[in-house]
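Here's the structure, in structure tokens; my notes come after.
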Amino acid sequence: KLLSSIDEVIDYCEEWDKKREALPYEVDGMVIKIDNFRQREELGETIKSPRWAVAYKYPPKQATTKIKRIYLQVGRTGVVTPVAEMAPVFLSGSTIAHSTLHNFDEIKRKDIREGDTVIIQKAGEVIPQVVKVVTEKRTGKEKEFKMPENCPVCKGKLFREADEVAYRCVNASCPAQIKRRIEHFVARGAMDIEGFGSVMIDTLVDKGLVKDFADLYHLKKETLMSLERMGERSSENLLNGLEASKQQPYACVLYALGIRHVGIHAARILAQAFPSIDDLQKASLAEIAAIKGIGPTVAESVRNFFADKENMKLITRLKKIGLKFSTEKPKAPQIFTGKTFVLTGGLEHYTREQASELIVSLGGSVSSSVSKNTDYVLAGKEPGSKYNRAQALGVKIINEAEFEKMIKEKQ
């Protein structure tokens, strides 16, 4: 609905808050957009979202349950998160038995104890969270939670930096981190190594055969064949996949390292701005933050990554193995220099990653959103909202055949 003032928007949102229960599906809020393309262009967008649209969330539904115990979870980046195990309760379409407590400061602020009766809700109708403790139901048998000094997985020392709320496990070989980091490392868009499912990764780590990324490249055929359900052919396929991954471009390797906040799009931007990982490692916080599309948060994360000695040792090992940590001098003519592409829909002859790498190898850049600065939108089957956005802005839309013709003609 088109509305002419923010007051009308607020009234309309409140009206639907009362009516949404009558809908045959779950609704958690309203999306409000500016209906003026000039103003949209002026506001722009970040890598993740436009500044001209906002999601207004309705107050979530709540339920009451009891905390059985509080335990710790170790994430891929080493962050240790306290989690509440609760008496199961049905809420907003699913049964909830666990809820993150975010960090130790949050537990102290809300005075959450094992055995407490609590009110829970789903943040954004998705993530369970403890809202508050029902203190009047306390019996005196509740136990205060004390943050342990050691990681629950590897028993390594936990630490917390002065400006952070999160506790972290600093052990670079912590199995809880290694498993998830390796899953990220071998994934499509990163090193793209087939055959390394979560079961295989768990087996390799649990048996002590792999302690970091570099260990993957030292696996032997006989070792793999000794594992359950691994024959000669499947072992050879894994080793061939590892060898082939050495040809993954620098941007994919950078993404595969799992640097916090660095997705594939940011990795491509960094790889273009700093032609080698040595250049990136030497760059200052200000130099990285000044790159268009990066900003201070990503820059700080990159600097923190290179400040870790274990990470630098790992990169040295991966260099010796033969992974690409620099952008090769372009062999193909740079026919797309200065041109920005946006991809939408499914392509017949390329994956999204292959098409993006081809454009970059020919001097172009790939963006995740359409703007007046976009030169081409490459549209495949069933294109999404980016197609409509391109039409509205008058951006040139090409199909796969036209894209291939452009390359052939300009070469």
Is a donor on one side and an acceptor on the other found under 3.5 Å between the side chain of [X] and the backbone of [Y]?
X    : Y    : value
Q354 : T351 : yes
K143 : R69  : no
S356 : R352 : yes
E228 : T203 : no
R20  : V27  : yes
Q248 : A190 : yes
H98  : P128 : no
Y250 : P275 : no
S301 : V298 : no
H184 : Y255 : yes

Got a salt bridge between [X] and [Y], using NZ or NE/NH1/NH2 to carboxylate O under 4.0 Å?
X    : Y    : answer
E14  : K18  : no
R268 : E357 : yes
K33  : D35  : no
K313 : E310 : yes
D28  : K122 : no
D215 : R317 : yes
K408 : E404 : no
R138 : D116 : yes
R109 : E106 : yes
K211 : D206 : no

Kindly indicate whether the side chain of [X], heavy atoms from C-beta on, has any atom under 4.5 Å from the side chain of [Y].
X    : Y    : value
I10  : C13  : no
D375 : K396 : no
E41  : L393 : yes
P148 : L72  : yes
I315 : Q281 : no
T65  : I96  : no
M406 : L378 : no
V253 : L318 : no

Value rounded to 0.5 Å, distance of [atom1] in [X] from [atom2] in [Y]:
X    : Y    : atom1 : atom2 : answer
L280 : R303 : CG    : CZ    : 7.5 Å
F305 : N311 : CZ    : CG    : 4.0 Å
S326 : L254 : OG    : CG    : 12.0 Å
F213 : L314 : CZ    : CG    : 6.0 Å
F185 : D192 : CZ    : CG    : 11.5 Å
E85  : K68  : CD    : NZ    : 5.5 Å

- Item | Worked verdict on T327 versus Q272 for side chain to side chain contact (heavy atoms under 4.5 Å, CB included) | CA-CA 8 Å; T327 304; Q272 284 183 322; over 6 Å; no

Over 12 foreign heavy atoms within 6.0 Å of [atom1], [X]:
X    : atom1 : answer
K320 : NZ    : no
K66  : NZ    : no
Q39  : CD    : yes
E42  : CD    : no
Q391 : CD    : yes
K246 : NZ    : yes
R188 : CZ    : no

- Task: Report the C-alpha separation of M191 and L216 in whole Å, then their side-chain angles, then the decisive distance to 0.1 Å, and conclude whether the side chain to side chain contact (heavy atoms under 4.5 Å, CB included) test is met.
- Result: CA-CA 12 Å; M191 299 310 293; L216 292 170; over 6 Å; no

- Evaluate the criterion side chain to side chain contact (heavy atoms under 4.5 Å, CB included) for residue pair K1 and M30; output intermediate values, then yes/no. CA-CA 11 Å; K1 185 170 182 177; M30 306 285 281; over 6 Å; no

Looking at every non-hydrogen atom in both residues, tell me the closest pair between [X] and [Y] and how far apart they are.
X    : Y    : answer
V130 : K110 : O-NZ, 2.6 Å
F196 : L238 : CE1-CD2, 3.4 Å
L343 : A355 : CD2-CB, 3.6 Å
P59  : D17  : CD-OD2, 4.2 Å
A273 : I291 : CB-CD1, 3.7 Å
V377 : T344 : CG1-CG2, 3.8 Å

- Message: For E183 and R180: C-alpha separation, side-chain torsions, deciding distance, then whether salt bridge (Lys or Arg N to Asp or Glu O under 4.0 Å) applies.
- Response: CA-CA 5 Å; E183 282 185 6; R180 304 294 78 82; 2.9 Å; yes

- Message: List the residues meeting side chain to side chain contact (heavy atoms under 4.5 Å, CB included) with A283, not counting sequence neighbours, and say none if there are none.
- Response: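 Per chain and number, A283 pairs via side chain to side chain contact (heavy atoms under 4.5 Å, CB included) with F274, E287, I288.
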
- Verify side chain to side chain contact (heavy atoms under 4.5 Å, CB included) between T340 and N373, making sure each step is shown before the conclusion. CA-CA 7 Å; T340 300; N373 297 318; 6.0 Å; no

- F336 and F403 aromatic ring geometry - parallel, tilted or perpendicular at 30°/60° bounds: parallel

- Message: Under a 3.5 Å threshold, yes or no: a donor from one side chain and an acceptor from the other, between K137 and T64?
- Response: no

- Item | Full working for salt bridge (Lys or Arg N to Asp or Glu O under 4.0 Å) between R40 and E45 | CA-CA 9 Å; R40 287 187 181 187; E45 56 252 319; over 6 Å; no

